[in-house]
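Heads up: the structure comes next, in structure tokens.
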Amino acid sequence: MALNVVASGVVDTPAASWIFAGDEVRTAVESAAPQPFGGFPGRPEWVGELICWLAGADNRFVTGQVIFADGGAEAALIGDRHWH
């Protein structure tokens, strides 16, 4: 059995609705956690498709991973520091 973690970015769900209630909070969150690939906010189905694949029979090899489904936020925030 595969065991993985999906670390999602800001996704348009009821739990995140407070972020979108006002422009000031939305702008602050979007600046703090930019999602340059795919846009802000992410769609629930994008994360759901990844989870289904990870937990499904087609995943025969990926295990023990933390997978960032965050529109590039982790990569943008870490930048080149990770690779030096």
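- Side-chain atoms of Ser8 never come within 3.5 Å of backbone atoms of Ala69 as a donor-acceptor pair (strictly under, hydrogens ignored).
- When all heavy atoms of Gln35 and Ala73 are compared, the closest pair comes out as CG-CB, 4.3 Å.
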For residues 18-29, which side-chain N or O atoms pair as donor and acceptor with protein atoms under 3.5 Å away, sequence neighbours left out?
| from | atom 1 | to | atom 2 | distance (Å) |
| --- | --- | --- | --- | --- |
| Arg26 | NH2 | Phe40 | O | 3.2 |
| Thr27 | OG1 | Asp23 | O | 2.8 |

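- No continuous path of hydrophobic side-chain contacts links Phe37 to Trp53 [ILVMFWY only; heavy atoms under 4.5 Å].
- Between Ala7 and Val66, the shortest heavy-atom contact is CB-CG1, 4.3 Å.
- Contacts classified as salt bridge (charged side-chain N to carboxylate O under 4.0 Å, His left out) and involving residues 40-62 (residues at least two apart or in different chains) are given here: Asp12-Arg43, Arg43-Glu45.
- Counting only distance, with no hydrogens or angles, the side chain of Asn4 and the backbone of Val62 share a donor-acceptor pair below 3.5 Å.
- Under the 4.5 Å side-chain contact rule for hydrophobic residues, Val5 and Ile51 do not share a cluster.
- Scanning all heavy atoms of the two residues, the minimum distance from Ala33 to Leu77 falls at CA-CD1, 4.4 Å.
- Here the CG-CD1 distance, from Leu50 to Ile67, works out to 5.5 Å after rounding to the nearest 0.5 Å.
- Applying the salt bridge (charged side-chain N to carboxylate O under 4.0 Å, His left out) definition to pairs two or more places apart or across chains, none involves residues 67-77.
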